[in-house]
Amino acid sequence: MTRVLVVDDEPQIVRALVINLKARKYEVDAAHDGATALRLAAARHPDVVVLDLGLPDMDGVEVIRGLRGWTRVPILVLSARHSSDEKVEALDAGADDYVTKPFGMDELLARLRAAVRRAEPTGGGEDDDVLVETDEFTVDLAAKKVRKHGRDVRLTPTEWHLLEVLVRNTGRLVSQRQLLQEVWGPSYGTETNYLRVYMAQLRRKLEADPSHPKHFVTEPGMGYRFER
């Protein structure tokens, strides 16, 4: 059974989420501040975290960084903050998705399911042992690891899934719609801002010169291509 950690200081939101999640057979833990959230995450090992950024004791971004110090659990941010800079800050810290308040419960649950699905290990296939090497980094598809200049690079589940789709299609243009549907789910197809944000993150982490990418190539208006 999937365990969800809900972190929010608004009791009515926590109550609504707990009721809706339990009705769908999720196990739920709830925290009303960042310190409690970090303790519960360490003790209960949730499969996904739903996190508000405006907490009474610390900023939610600090919670994200605290979690990313030891776990790759999917983190779905739930916040009233609407600015692009704040969204990018949360995503850069390691969040996997961002839902703004007020939100629709159906949309939130769909995003949550997608986050959990992206984090699940895929079944063994013929190409699961592929090791893709570039002059900057190495992608081990079997181990789901990336190393750059001999050091491990920490990627969020969403970043990894995007990288994996591109690497498995090395040299081929992957359309924006295909990437969105493979990484975020079949109901996505027009949210190209997601791709811009996550491609920027991959370039910052893996390219020698992120402003002049050599491996993650944009085909304007069409999609992206991975080149060795």
Side-chain angles (χ1 to χ4, degrees), residues 64-65 67-75 84 87-98 111 114-228:
I64 296 171
R65 294 190 178 113
L67 291 170
R68 283 290 171 255
W70 63 275
T71 179
R72 290 180 58 182
V73 62
I75 301 172
S84 295
K87 291 181 181 181
V88 169
E89 183 183 15
L91 293 170
D92 279 347
D96 295 280
D97 205 348
Y98 196 110
R111 299 276 192 100
V116 172
R117 186 171 60 248
R118 291 194 297 268
E120 290 174 348
T122 56
E126 291 182 0
D127 57 350
D128 278 354
D129 59 348
V130 171
L131 190 69
V132 179
E133 296 182 343
T134 74
D135 53 356
E136 288 294 319
F137 57 90
T138 301
V139 181
D140 188 333
L141 292 171
K144 291 186 177 293
K145 286 187 176 182
V146 182
R147 293 178 67 82
K148 182 177 181 179
H149 302 316
R151 301 182 65 177
D152 287 340
V153 179
R154 181 179 288 119
L155 299 181
T156 69
T158 301
E159 289 168 351
W160 169 261
H161 201 168
L162 181 60
L163 174 65
E164 184 178 33
V165 173
L166 290 169
V167 166
R168 290 188 185 280
N169 290 278
T170 296
R172 295 196 292 269
L173 171 67
V174 185
S175 71
Q176 295 174 339
R177 178 174 291 274
Q178 180 183 343
L179 280 171
L180 285 165
Q181 293 184 344
E182 288 203 32
V183 177
W184 279 271
S187 63
Y188 292 79
T190 60
E191 297 82 353
T192 55
N193 57 309
Y194 284 31
L195 293 174
R196 286 194 296 272
V197 169
Y198 278 96
M199 288 301 298
Q201 290 176 196
L202 282 177
R203 286 166 175 157
R204 278 197 295 273
K205 291 182 177 183
L206 299 178
E207 293 274 11
D209 182 358
S211 62
H212 297 88
K214 173 182 176 183
H215 302 290
F216 300 100
V217 181
T218 301
E219 296 289 352
M222 295 186 291
Y224 298 89
R225 188 176 69 252
F226 174 76
E227 298 284 4
R228 295 192 191 191

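All residue numbers in this chain count up from 1 along the given sequence.
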Evaluate the ring planes of Tyr194 and Trp184, with Trp represented by its six-membered ring, and classify them as parallel (under 30°), tilted (30 to 60°) or perpendicular (over 60°).
perpendicular

Worked verdict on Val139 versus Val130 for side-chain contact (heavy atoms from CB on, under 4.5 Å)
CA-CA 8 Å; Val139 181; Val130 171; over 6 Å; no

Side chains of [X] and [Y], heavy atoms from C-beta outward: is any pair under 4.5 Å?
X      : Y      : value
Asp135 : His215 : yes
Arg68  : Val73  : yes
Tyr198 : Thr158 : yes

Is the side chain of [X] donor-acceptor paired with the backbone N or O of [Y] at a distance under 3.5 Å, no angle test?
X      : Y      : result
Asp96  : Ile75  : yes
Lys205 : Arg154 : yes
Thr170 : Val167 : yes
Arg204 : Pro210 : no
Glu191 : Gly189 : yes
Arg225 : Glu219 : no

Output all residues satisfying ring-ring contact (aromatic ring centres under 6.0 Å, His included) with Tyr224, sequence neighbours left out; order by chain, then residue number.
none

Where do Arg168 and Arg172 come nearest, in terms of heavy atoms and distance?
O-NH2, 3.5 Å

Interatomic distance, CE@Met199 vs CG@Leu179, rounded to 0.5 Å, equals 8.0 Å

Nearest 0.5 Å please: distance from the OH atom of Tyr98 over to the CG atom of Leu91.
8.5 Å

